[in-house]
Protein chains: 2
Amino acid sequence: MTTRWLTPEEQRAWRAYIAASQLLEDAIDRQLQQEAGMPHLFYSVLANLSEAPDRRLRMTDLAETLKITRSRLTYAVTRLERDGMVRREDCRWDRRSSLAVLTDAGMAVLERTAPGHVDTVRASLFDRLTPEQVGQLEEICTGIARGLQEPEAGGAAEDVPWRRRSSPCSGQPPAQS
Amino acid sequence: MTTRWLTPEEQRAWRAYIAASQLLEDAIDRQLQQEAGMPHLFYSVLANLSEAPDRRLRMTDLAETLKITRSRLTYAVTRLERDGMVRREDCRWDRRSSLAVLTDAGMAVLERTAPGHVDTVRASLFDRLTPEQVGQLEEICTGIARGLQEPEAGGAAEDVPWRRRSSPCSGQPPAQS
DNA sequence: CGATCTTGGTTCAAGTTTGAAGCAAACCTA
DNA sequence: TAGGTTTGCTTCAAACTTGAACCAAGATCG
């Protein structure tokens with residue numbers, strides 16, 4: 001089949017998206033680097049930990065929610081650990097896993113820098129969107145994300161019982177299901 | 001003023017956006033790395049050059065349209081030059097500038113890999129959006145991009161005659177305005 | 001003109017990301 | 001329960017990005 005090129009509307013949308021995401025990520029990164037001395041991803045690590053039960057999460061689970069590779073997360077946590085914002089801890093129920101734990105110092109940094117971060121997100125993004133657009137954006141993005149995480153539709157290689165990642169118990173003993 | 005935190009809707013939108021953009025960029029990068037042996041940005045360099053008059057563009061202009069730093073572009077072009085897809089050329093009307101020129105080899109790679117790239121963009125993004133959503137996405141993104149490029153509103157530091165970047169003549173002699 | 005400022009580009013070191021290995025602890029399964 | 005597979009995580013080198021210098025060539029202005 002001959003390629004289905006992008007329509008003019010799609011082209012415009014695609015280019016606008018590329019530009020916007022580039023500029024947005026730049027703005028966020030720059031601000032966080034200034035105020036918190038770390039890139040956005042590292043901040044997100046802290047933020048996610050702060051919301052987790054007991055402020056700790058398994059590396060794999062954290063990587064999963066952040067949509068990044070384990071390797072990348074290892075690097076981030078190592079750096080954050082060196083700076084004292086995160087501590088590693090062994091999982092008691094699975095000796096392979098290790099947990100990343102947000103330290104008090106890490107929590108403090110998070111609390112100190114969160115307002116500035118939110119301000120930036122507002123100024124760059126939400127202050128420029130109508131409430132309807134916020135809804136549209138969410139709708140669009142959840143759809144895209146869902147699509148990109150699905151087990152590779154298309155081929156006939158669908159016979160594998162692609163069990164959903166089973167243990168969402170981040171550091172807790174496995175549920176009694 | 002106490003921080004205006006994100007509303008639940010905004011939170012959801014923000015997280016969905018982060019996830020989607022991460023996954024999307026990953027998918028695109030992976031595909032291009034496979035088929036073209038280069039990351040998305042490098043491909044974009046080739047693509048932009050291919051559309052430019054005479055297949056050449058000043059470094060600064062290219063960086064400007066790609067929304068990246070000149071430094072980053074220098075790296076990309078250096079690598080692409082080493083691989084023979086791009087050639088540097090001196091600008092005749094401004095001895096400071098240099099032009100990036102798409103070579104025939106570069107054009108060939110572009111033509112060979114464009115279909116696969118477009119397929120990926122379709123599969124990851126547009127096939128999952130309604131026509132209305134495509135419009136919404138463009139609207140949202142152009143707004144964001146415009147906002148993030150404006151000359152830093154807010155302060156009183158607005159007296160500078162922020163002349164818009166004046167010479168869009170990429171390698172051509174300056175217009176007779 | 002000559003001093004100064006701005007613009008266009010590169011360089012360099014430090015930081016981050018990628019992807020392929022590698023290692024060890026669970027998990028099968030015969 | 002031994003052997004093979006999967007899962008969780010790290011390591012390592014190569015690739016890429018960042019941001020602060022740096023240099024040279026235009027533009028400005030007295």
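Sequence lines set the chain letters: A, B, ... in the order given, protein chains first and strands last, and positions in each chain run from 1. Side chains are part of it too, since the values below use all heavy atoms of this structure and drop only hydrogens, waters and symmetry mates.
- The shortest side-chain heavy-atom distance between B:Met38 and B:Leu46 falls under the 4.5 Å cut-off.
- Separating the CE atom of A:Met59 from the C1' atom of C:dA24 is a distance of 16 Å, rounded to the nearest angstrom.
- Positionally, the nearest nucleotide of DNA chain C for A:Leu41 lies more toward the 5' end than for the other of A:Arg96 and A:Leu41.
- Of the candidates B:Thr103, B:Asp54, B:Leu62, B:Val101, B:Leu49 forms a side-chain contact (heavy atoms from CB on, under 4.5 Å) with just one, namely B:Leu62.
- Residues passing the side-chain hydrogen bond (donor to acceptor under 3.5 Å, both in side chains) test with B:Thr78, sequence neighbours excluded: B:Arg88.
- Proximity of A:Arg95 to the phosphate of C:dA26: a side-chain N or O atom is located under 4.0 Å from OP1 or OP2.
- Contacts of residues 68-90 of chain B with DNA chain C (heavy atom under 4.0 Å): B:Arg70, B:Ser71, B:Thr74, B:Arg88.
- Within the 3.5 Å criterion, the main-chain N or O of A:Ala145 finds a donor-acceptor partner in the side chain of A:Gln149.
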- Message: Is there a side chain to side chain contact (heavy atoms under 4.5 Å, CB included) between A:Arg4 and B:Val118? Walk through the geometry before answering.
- Response: CA-CA 8 Å; A:Arg4 276 167 57 226; B:Val118 172; over 6 Å; no
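- OP1 or OP2 of C:dG9 has at least one side-chain nitrogen or oxygen of B:Thr60 nearer than 4.0 Å.
- B:His40 places its NE2 atom 19 Å from the P atom of C:dT17, with the value rounded to the nearest Å.
- Regarding B:Leu62, its CG atom lies at a distance of 10 Å from the P atom of C:dG9, rounded to whole Å.
- Between A:Asp119 atom CG and A:Gln31 atom CD the span is 8.0 Å, to the nearest 0.5 Å.
- To the nearest angstrom, P of D:dA25 lies 19 Å from CH2 of B:Trp93.
- Of all the residues in residues 17-33 of chain B, not one reaches under 4.0 Å from DNA chain C with any non-hydrogen atom.
- You'll find that the side chain of A:Phe42 is closest to C:dT17, out of D:dG8, D:dA25, C:dT17.
- Side-chain atoms of B:Glu139 do not come within 3.5 Å of backbone N or O of B:Gly135 as any donor-acceptor pair.
- The separation between A:Leu99 atom CG and D:dT10 atom C1' is 16 Å, rounded to whole Å.
- Using a cutoff of 4.0 Å between basic side-chain nitrogens and carboxylate oxygens, B:Asp104 and B:Arg55 are scored as salt-bridged.
- One interatomic measurement links the two molecules: CE of B:Met38 to P of C:dT17, which rounds to 23 Å at whole-angstrom precision.
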- Task: Mind running side chain to side chain contact (heavy atoms under 4.5 Å, CB included) on B:His40 and B:His117 for me, showing each step along the way?
- Result: CA-CA 9 Å; B:His40 186 195; B:His117 173 59; 4.0 Å; yes
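- Atom-to-atom, CG of A:Asp94 to P of C:dC27 comes out at 7 Å; the value is rounded to the nearest Å.
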